[in-house]
Amino acid sequence: NTPTNTPTNIATPTLLVPVTVIKDSIPAYNRREWRHWIDDDRDCQNARNEVLVAESNSPVTFKTERECQVLTGEWVTPFTNTTITNPRLLDIDHLVPLKNAHVSGGWEWDAERKRSYANNLTDPNHLIAVIAGANRSKGAKGPEEWRPPNKDYWCKYATDWMQIKKTWELTITPDENIALQEMLSTCKE
């Protein structure tokens, strides 16, 4: 329960996301329950390669004629605003990390919904190509513990974070709420 003087929702022009404290009683997070990097459409490209193809600013090349794995392209990574042409230097980031989704309500989901979340390609902001080092420094942290080094991306990061939480009916914590509000304050009118 949140104190009565604490806002129960965070608002932007179109978003309302419930604020709640994470309960100690939820089951422990197990990454294996969130099956990711699958090939849902059976075209031989897993979710990682689908994102690389979708986000490249130039036509990609593939490792083989089957066109399953991306060999080269051009990506501008939003966390650091760096241009990369070698996909081996990139991670595909769950903008709202799997563990964060778990503690925010995803722990209640069945295996299919967890798999769907982990491989979501319908929202272009859900999975994004980022420099591996930035993704690893972020880990499972929320915006109250980690923010992209590229401050020009903070507004979009916070907006996308909240949209994903809203879409998937997840909650945010009071500290997450404060951090998101600070990041949203960088949005230009």
Side-chain angles (χ1 to χ4, degrees), residues 8-10 12 14-56 60 62-64 66-70 73 75 77-79 87-88 90-130 132 134-136 138-146 148 156-173 175-177 180:
T8 56
N9 291 296
I10 182 171
T12 65
T14 59
L15 298 176
L16 217 55
V17 180
V19 176
T20 184
V21 175
I22 296 171
K23 297 180 176 95
D24 292 332
S25 60
I26 66 170
Y29 168 71
N30 180 348
R31 188 171 173 89
R32 288 187 305 254
E33 292 178 2
W34 299 74
R35 192 167 165 241
H36 54 288
W37 309 150
I38 63 169
D39 178 15
D40 246 352
D41 61 6
R42 300 187 196 310
D43 66 352
C44 87
Q45 291 176 7
N46 65 17
R48 173 186 164 74
N49 284 283
E50 298 270 8
V51 172
L52 291 171
V53 170
E55 291 190 3
S56 181
V60 298
F62 294 93
K63 291 183 179 181
T64 68
R66 282 196 65 215
E67 298 187 350
C68 299
Q69 294 181 309
V70 174
W75 301 270
T77 64
F79 289 176
R88 290 181 303 198
L90 299 171
D91 281 351
I92 303 304
D93 179 54
H94 294 88
L95 190 85
V96 174
L98 301 177
K99 184 175 183 181
N100 187 289
H102 174 84
V103 300
S104 301
W107 64 272
E108 296 179 292
W109 297 344
D110 63 18
E112 176 58 29
R113 185 152 172 88
K114 288 178 182 178
R115 185 181 68 79
S116 179
Y117 180 89
N119 296 280
N120 184 289
L121 297 171
T122 60
D123 176 354
N125 302 310
H126 189 88
L127 297 173
I128 58 173
V130 299
N135 185 47
R136 292 168 195 173
K138 174 186 172 194
K141 299 176 186 106
E144 70 281 11
E145 297 179 293
W146 185 90
K156 180 160 177 43
Y157 184 81
T159 303
D160 292 347
W161 182 280
M162 290 173 37
Q163 183 60 58
I164 291 164
K165 291 272 185 140
K166 179 178 173 60
T167 298
W168 291 87
E169 299 176 338
L170 298 170
T171 62
I172 60 176
T173 67
D175 289 342
E176 192 177 346
N177 179 6
L180 288 165

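In what follows, every heavy atom counts, from backbone to side chain, and hydrogens, waters and symmetry copies are set aside. Remember, it's a predicted structure, so these values are computed and weren't measured experimentally.
Judged as a salt bridge (Lys or Arg N to Asp or Glu O under 4.0 Å), the pairs with a partner in residues 92-101 (not counting sequence neighbours) are, in order, Asp93-Lys138.
Asn100 and Lys165 share a donor-acceptor pair across their side chains, judged by distance under 3.5 Å alone.
Between Ile26 and Val103, the shortest heavy-atom distance links the atoms CD1-CA, 3.6 Å. Heavy atoms only, all atoms of each residue included: Pro27 and Trp107 are closest at CD-CE3, 3.3 Å. Of all the heavy atoms in Gly73 and Ser56, the pair that sits closest is CA-OG, 3.5 Å. Residues Val60 and Leu52 approach most closely at CG1-O, 4.1 Å, considering heavy atoms. Of all the heavy atoms in Pro143 and Leu180, the pair that sits closest is CG-CD2, 3.8 Å. When all heavy atoms are compared, the tightest approach of Ala129 to Pro78 is O-CD, 3.5 Å.
Thr167 is linked by a side chain to side chain donor-acceptor pair (under 3.5 Å) to Gln163, counting only residues two or more places apart in sequence or in another chain. Residues that satisfy the salt bridge (charged side-chain N to carboxylate O under 4.0 Å, His left out) test with Lys141, not counting sequence neighbours, are absent from this structure. With sequence neighbours excluded, the residues satisfying side chain to side chain donor-acceptor pair (under 3.5 Å) with His36 are Arg31. Listed by chain and residue number, Arg115 satisfy the side chain to side chain donor-acceptor pair (under 3.5 Å) test with Asp40 (two or more places apart in sequence, or in another chain). Remark: Arg113 pairs with no residue by the side chain to side chain donor-acceptor pair (under 3.5 Å) rule, at least two apart or across chains.
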Checklist entry - What's the verdict on side-chain contact (heavy atoms from CB on, under 4.5 Å) for Glu50 and Asn119, showing C-alpha distance, side-chain angles and the deciding distance? => result CA-CA 10 Å; Glu50 298 270 8; Asn119 296 280; over 6 Å; no
Checklist entry - Would Trp161 and Glu176 satisfy side-chain contact (heavy atoms from CB on, under 4.5 Å), going step by step from the backbone distance to the final call? => result CA-CA 10 Å; Trp161 182 280; Glu176 192 177 346; 2.7 Å; yes
Item to check | Verdict with supporting geometry, Asp39 and Asp41, side-chain contact (heavy atoms from CB on, under 4.5 Å) | outcome: CA-CA 6 Å; Asp39 178 15; Asp41 61 6; 2.9 Å; yes
Checklist entry - When you look at Ile92 and Trp37, which way does the side-chain contact (heavy atoms from CB on, under 4.5 Å) test go after all the steps? => result CA-CA 9 Å; Ile92 303 304; Trp37 309 150; 3.5 Å; yes
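For Glu144 (side chain) and Asp175 (main-chain N/O), no donor-acceptor pair under 3.5 Å exists by modelled atom type. Side chain of His94 to backbone of Asn120: no donor-acceptor contact under 3.5 angstrom is found. A donor-acceptor pair under 3.5 Å is formed between the side chain of Gln45 and the backbone N or O of Glu67. Side chain of Thr171 to main chain of Ser104: a donor-acceptor pair is present (N/O by atom type, distance under 3.5 Å, no hydrogens or angles).
Within the 4.5 Å cutoff, the side chain of Trp168 has no heavy atoms near those of the Asp123 side chain. The shortest distance between side-chain heavy atoms of Val51 and Ile128 does not fall below 4.5 Å.
Here Thr159 contributes atom OG1 and Asn125 contributes atom CG; the two are 9.5 Å apart, rounded to the nearest 0.5 Å. To the nearest 0.5 Å, atom CG of residue Leu95 and atom CZ of residue Phe79 are 5.5 Å apart. Atom-to-atom distance recorded for Thr122:OG1 and Leu127:CG is 9.5 Å, nearest 0.5 angstrom. To the nearest 0.5 Å, the span separating CE on Met162 from CG on Asn177 amounts to 8.5 Å. Atoms CD1 and NZ, from Ile172 and Lys166 in turn, are 12.0 Å apart once rounded to the nearest 0.5 Å.
By the 30° and 60° cut-offs, the orientation of the rings of Trp34 relative to Tyr29 is tilted.
Heavy-atom neighbours of Glu169 CD from other residues, nucleotides or ligands within 6.0 Å: at or below the threshold of 12.
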